[in-house]
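Structure, as structure tokens:
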Amino acid sequence: MSSNLYAQFTGTPMDSDDVDTLLTSEGYGILSLCRDGEPYSIPVSFGYDGDDIYFPFLIQSDDSKKTEFIAEGARARLLVTDIRGRFDWQSVAVTGPVHAIDPQSEPYEQFIETLVDNGWFMRSFERSDAISSMQAWRLEIDELQGLQRKEEQLE
């Protein structure tokens, strides 16, 4: 039992192996961006290579709100959760600057490999025009916080 009286509500810190496992196994989360004090959060597919988070944006129109909010070097936060029950969950928040990846560069190969290894994809990625409208981004990890709450087993 934790010495934190509120741990049943707030969770306890996750160890680094559990954080890596969650980031590798989930493949999707909520990306939060901010521009001029206005927040914007969207679900994203992502891949994790043990050092960085990679995520694609499918751009389907010239006035895409997500492209208005994201900028080279801007700070972003990705929230990844695995909620199995009220008192059985894990949550990881990753914060850091985002960087565009040029499709003609070597880092783009890492982006693709990482997404193939552990990304989760929506049906829209199956369309042939999706690849041509895809922007590649890397979230450089500055802060990483994992919390969890495990259901206590009564004996």
Side-chain angles (χ1 to χ4, degrees), residues 9-86 88-149:
F9 303 109
T10 60
T12 56
M14 294 171 65
D15 66 36
S16 61
D17 288 341
D18 288 340
V19 167
D20 283 346
T21 297
L22 183 64
L23 290 175
T24 303
S25 66
E26 284 305 307
Y28 62 93
I30 302 297
L31 182 70
S32 296
L33 307 165
C34 191
R35 182 188 67 187
D36 299 328
E38 181 183 357
Y40 181 62
S41 298
I42 53 172
V44 294
S45 302
F46 73 89
Y48 173 64
D49 69 358
D51 293 314
D52 295 304
I53 301 286
Y54 297 89
F55 59 91
F57 277 177
L58 292 183
I59 307 305
Q60 300 177 350
S61 68
D62 290 338
D63 61 345
S64 170
K65 190 168 185 175
K66 59 190 162 194
T67 58
E68 291 175 23
F69 273 76
I70 198 164
E72 176 69 27
R75 289 185 62 78
R77 173 169 286 160
L78 177 71
L79 179 64
V80 181
T81 60
D82 179 19
I83 302 171
R84 295 174 296 278
R86 183 176 177 193
D88 188 8
W89 52 265
Q90 294 180 313
S91 175
V92 172
V94 180
T95 306
V98 292
H99 304 284
I101 301 172
D102 181 342
Q104 305 304 317
S105 69
E106 189 174 310
Y108 193 80
E109 292 176 24
Q110 179 68 28
F111 163 77
I112 295 296
E113 285 178 26
T114 304
L115 286 177
V116 168
D117 283 347
N118 58 52
W120 179 89
F121 297 98
M122 303 174 298
R123 292 197 78 87
S124 56
F125 279 92
E126 296 174 4
R127 296 189 333 260
S128 61
D129 64 336
I131 299 301
S132 64
S133 67
M134 185 168 65
Q135 290 181 346
W137 293 91
R138 177 178 64 91
L139 172 57
E140 179 184 333
I141 300 173
D142 279 351
E143 295 176 41
L144 189 125
Q145 180 185 27
L147 294 173
Q148 66 185 350
R149 171 71 167 98

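Every value quoted in this text rests on a predicted model; they were computed, and no experiment measured them.
Judged by distance alone, the side chain of Lys66 and the main-chain N or O of Tyr40 form no donor-acceptor pair under 3.5 Å. Using modelled atom types, no side-chain atom of Ser91 and backbone atom of Thr81 make a donor-acceptor pair closer than 3.5 Å. Formation of a donor-acceptor pair under 3.5 Å by the Asp117 side chain with backbone atoms of Gly47 is not found in this model.
Residues Leu147 and Met14 come closest through the heavy atom pair O-SD, 3.3 Å. The two residues Phe57 and Ile42 make their nearest non-hydrogen contact at CE2-CD1, 3.8 Å. A pairwise comparison of heavy atoms in Ser32 and Ser41 identifies OG-OG, 2.8 Å as the closest pair. Smallest separation of non-hydrogen atoms from Val19 and Gly146: CG2-CA, 4.1 Å. Shown here for Ser45 and Pro56, the closest heavy-atom pair between the two residues is O-CD, 3.3 Å.
Val80 has its side chain out of reach of Val94: every pair of non-hydrogen atoms, C-beta onward, lies at least 4.5 Å apart. Taking the side chain as every heavy atom from C-beta outward, Pro103 and Phe111 never approach each other to under 4.5 Å. The shortest distance between side-chain heavy atoms of Ile112 and Met134 falls below 4.5 Å.
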- Check step by step if side-chain contact (heavy atoms from CB on, under 4.5 Å) holds for Ile141 and Tyr48. CA-CA 11 Å; Ile141 300 173; Tyr48 173 64; 3.9 Å; yes

- Step-by-step side-chain contact (heavy atoms from CB on, under 4.5 Å) determination, Leu31 to Trp137: CA-CA 12 Å; Leu31 182 70; Trp137 293 91; over 6 Å; no

- Message: Run the side-chain contact (heavy atoms from CB on, under 4.5 Å) test on Leu78 and Phe55 for me, step by step, so that the C-alpha distance in whole Å, both residues' side-chain angles and the decisive distance to 0.1 Å come before the verdict.
- Response: CA-CA 10 Å; Leu78 177 71; Phe55 59 91; over 6 Å; no

Distance-only donor-acceptor hits, side chain of residues 69-76, under 3.5 Å, sequence neighbours excluded:
unit_1 : atom_1 : unit_2 : atom_2 : d
Glu72  : OE1    : Ala100 : N      : 2.8
Glu72  : OE2    : His99  : ND1    : 2.8
Arg75  : NH1    : Asp142 : OD2    : 3.0
Arg75  : NH2    : Glu143 : OE2    : 3.3

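Under the side chain to side chain contact (heavy atoms under 4.5 Å, CB included) rule, Leu23 has a single partner from Asp18, Asn118, Leu144, which is Leu144.
Gln90 pairs by the side chain to side chain donor-acceptor pair (under 3.5 Å) definition with Gln148, not counting sequence neighbours.
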